[in-house]
Amino acid sequence: MSLDRRHFLAGAAGASASLLAGCAAPASTLLPPLVGMPTQTLLPKGASPRIVVVGGGWGGLTVAKQLRLLAPQAEVVMLERNPVFFSCPLSNKWLIDVVDTSFLTHDYLRVSERHGYRFVQCEVLEVDRATRRVVTTQGQLDYDYLVIAAGIRYNYEAWFGNDRRAADATKARFPAAYVPNAEHFALKRALHDFKGGDWVMNLPPPPQRCPPSPYERACLVAWHFKTNKIKGRVTILDHKPRIAPIGVGFKAAFEELYKDYITYVPNAQVQEVDPFNKRIKTSAGDMRFDHAVLMAPHQAADIAWKAGTVGTGADGKPSGWADVEPRRLHLRNDDRVYVIGDAVGAVSPTFRFYPKSGHVANSHGHIVAGYIAQRLAGKEPELKLPDNLCYMLVNGSPREAISVQFDYTVNAQGVIEQQQIDDNDRRAELVSENFRWAGLKFEDMLA
Ligand SMILES: Cc1cc2nc3c(=O)[nH]c(=O)nc-3n(C[C@H](O)[C@H](O)[C@H](O)COP(=O)(O)OP(=O)(O)OC[C@H]3O[C@@H](n4cnc5c(N)ncnc54)[C@H](O)[C@@H]3O)c2cc1C
């Protein structure tokens, strides 16, 4: 390997600086240069505008790619803690091997290189909005625009206060598998090791990530029991008074396909959870379980809180979700910070929250990339609304699905309105549509 003169001089300058500093050099200067520290600069800021994207899920992947297409003059940096992308959409189907792991997991580095944005695997620790600086485990970087696409956290505090031991035990033993990480693998293992007995699933209060997906999961767990002749019963403890959305379709599946395998309990608000003795107490009664999918209430991800994006509700308490301007999707008090996907707070007095879905996060990614590109070009953004479409597999053989679609319009008062269309008629055609949908979305985010 040969060194050119510029590299040689840079190396020599570094070496003499170290010699001058002598033995008193701080520990960080002894580190190899690519081992970052939160106190160091991660990427020096150049002359071009920089957009930092926090989170590489459905929203983050979309906005990063679209920004490169729509604002090629900008530098785009995506910060994500996980080494690979794992899709929560279709992960219920993966639990019963309808798709394999390679269908859901994708390489961040290859995608980011293809589209010319930078991917840095790190944990985002803090956001200083006053100085427009993000602090990560690998170093700090400044932004012109920030897009927070960090998804959700589990509000275990609602169940356990500050008892971290109970929260950790719940997560480890009875994972909800609602955020993209190792919990999904633990759930799949638990399902395939289950020998029989009571399998409990609780549904948190709205708003929650992907409202129909716990019912889909219940159907597929029940299908697995039925197909493999496991003497198990799934009890769904629903916080809500009824199944929603696609209530008619799910109810028909529970009664017609899984009468001996699913018990649906409405108005079951969780009062106590004991992960050590496998007990759950709800307003509809108490249960002991052999295994459970325990889902604490959902909120915007930790970093949305740390960045000061979470608003207050009518009761003066934190709303749990980012306080965005409903149509522009930037924070009400900071137009340099956009929030997209599941972390977004209420956008309408009528339906309140957009469905917390990958489809909406992807749609938000397109919309916000367009807004930032237009602002960088000195234009007033042309306002747009997302849409939503979700397919839910309710039968493993024959494969049959139901679906729900949401459309949005703005009324004369400037309020966003929602139209919901449930397709309750389970059929094979919707399974094909689901895979077509997934193919298009993966291509849009990753190809
Ligand atoms: C079982 C299940 C089934 C689903 N099915 C569907 C479906 O069929 N259709 C559909 O449209 N939606 C579905 N969803 C919902 C969908 O997964 C979410 O709505 C979507 O992922 C939201 O996108 P997001 O970008 O907001 O968050 P995410 O996709 O969760 O991405 C957030 C990313 O931010 C990263 N992150 C968070 N904090 C930090 C930090 N401090 N530092 C670094 N990185 C950070 C996380 O690691 C994560 O990768 C389903 C969800 C589940 C759980």
Side-chain angles (χ1 to χ4, degrees), residues 52-64 78-95 104-106 108 119-127 134-138 147-154 175-184 187-188 201 207-218 220-221 246 293 295 298 300-307 321-322 339-344 353-365 368 386-393 401-406 430 433-435 437-438 441 445:
V52 172
V53 179
V54 177
W58 277 63
L61 278 168
T62 310
V63 78
M78 190 175 85
L79 309 170
E80 165 61 49
R81 61 160 75 100
N82 290 334
V84 289
F85 170 72
F86 180 91
S87 173
C88 286
L90 286 106
S91 66
N92 283 337
K93 287 123 188 144
W94 166 82
L95 288 177
L104 299 182
T105 49
H106 299 270
Y108 280 121
F119 162 71
V120 182
Q121 191 194 344
C122 61
E123 176 84 23
V124 179
L125 301 172
E126 273 174 49
V127 175
V134 175
V135 181
T136 81
T137 42
Q138 294 295 320
V147 182
I148 298 184
I152 61 159
R153 75 185 291 271
Y154 305 125
Y178 261 72
V179 294
N181 63 24
E183 285 177 50
H184 288 270
L187 173 60
K188 187 164 183 171
M201 298 177 55
Q208 69 170 98
R209 168 166 281 188
C210 197
S213 61
Y215 307 118
E216 175 189 59
R217 190 179 276 177
L220 300 184
V221 169
I246 349 177
V293 180
M295 220 191 307
H298 294 172
D302 295 9
I303 194 63
W305 289 77
K306 291 184 186 174
W321 304 99
V339 181
I340 62 173
D342 287 4
V344 168
F353 296 86
Y354 285 130
K356 298 195 177 295
S357 73
H359 190 105
V360 168
N362 169 259
S363 202
H364 279 167
V368 162
D387 64 337
N388 187 42
L389 181 58
C390 271
Y391 297 91
M392 295 286 129
L393 187 69
I402 54 180
S403 74
V404 60
Q405 182 184 329
F406 294 85
L430 294 182
E433 276 187 27
N434 191 181
F435 279 96
W437 171 89
K441 292 295 168 204
M445 294 186 293

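Counting starts at 1 for both ligands and their atoms, following the listed order.
- Checking Pro386, Cys390, Ser363 one by one against Ser357, the side chain to side chain contact (heavy atoms under 4.5 Å, CB included) holds for a single residue, Cys390.
- Of the charged side-chain nitrogens involved, none lies within less than 4.0 Å of a carboxylate oxygen, so that Lys306 and Glu126 do not count as a salt-bridged pair.
- Closest non-hydrogen pair, Leu61 versus Phe85, comes out as CD1-CD1, 3.5 Å.
- With Trp94 as the aromatic partner, Lys188 meets the cation-pi criteria of under 6.0 angstrom to the ring centre and within 45 degrees of the ring axis.
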Tabulating one pair per line, provide the atom names and distances (0.1 Å) for every N/O atom of ligand 1 that is less than 3.5 Å from a protein N/O atom.
residue: ligand 1; atom: 11 (O); partner: Gly358; partner atom: N; Å: 2.9
residue: ligand 1; atom: 11 (O); partner: His359; partner atom: N; Å: 2.9
residue: ligand 1; atom: 12 (N); partner: Gly358; partner atom: N; Å: 2.9
residue: ligand 1; atom: 19 (O); partner: Asp342; partner atom: OD1; Å: 2.9
residue: ligand 1; atom: 19 (O); partner: Asp342; partner atom: OD2; Å: 3.0
residue: ligand 1; atom: 19 (O); partner: Lys356; partner atom: O; Å: 3.1
residue: ligand 1; atom: 19 (O); partner: Ser357; partner atom: N; Å: 3.3
residue: ligand 1; atom: 19 (O); partner: Ser357; partner atom: O; Å: 3.4
residue: ligand 1; atom: 19 (O); partner: Gly358; partner atom: N; Å: 3.1
residue: ligand 1; atom: 25 (O); partner: Trp58; partner atom: N; Å: 3.4
residue: ligand 1; atom: 25 (O); partner: Gly59; partner atom: N; Å: 2.8
residue: ligand 1; atom: 26 (O); partner: Asp342; partner atom: N; Å: 2.9
residue: ligand 1; atom: 27 (O); partner: Arg209; partner atom: NH2; Å: 3.1
residue: ligand 1; atom: 29 (O); partner: Trp58; partner atom: N; Å: 3.2
residue: ligand 1; atom: 30 (O); partner: Arg209; partner atom: NH1; Å: 3.2
residue: ligand 1; atom: 30 (O); partner: Arg209; partner atom: NH2; Å: 2.8
residue: ligand 1; atom: 38 (N); partner: Arg81; partner atom: NH2; Å: 3.3
residue: ligand 1; atom: 41 (N); partner: Glu123; partner atom: OE2; Å: 3.4
residue: ligand 1; atom: 41 (N); partner: Val124; partner atom: O; Å: 3.1
residue: ligand 1; atom: 42 (N); partner: Val124; partner atom: N; Å: 2.9
residue: ligand 1; atom: 44 (N); partner: Arg81; partner atom: N; Å: 3.2
residue: ligand 1; atom: 47 (O); partner: Glu80; partner atom: OE2; Å: 2.7
residue: ligand 1; atom: 47 (O); partner: Asn82; partner atom: ND2; Å: 3.4
residue: ligand 1; atom: 49 (O); partner: Glu80; partner atom: OE1; Å: 2.7
residue: ligand 1; atom: 49 (O); partner: Glu80; partner atom: OE2; Å: 3.1

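- Residues Glu433 and Tyr391 bring a donor and an acceptor atom of their side chains to less than 3.5 Å of each other.
- A side-chain donor from one of His359 and Trp437 sits under 3.5 Å from a side-chain acceptor of the other.
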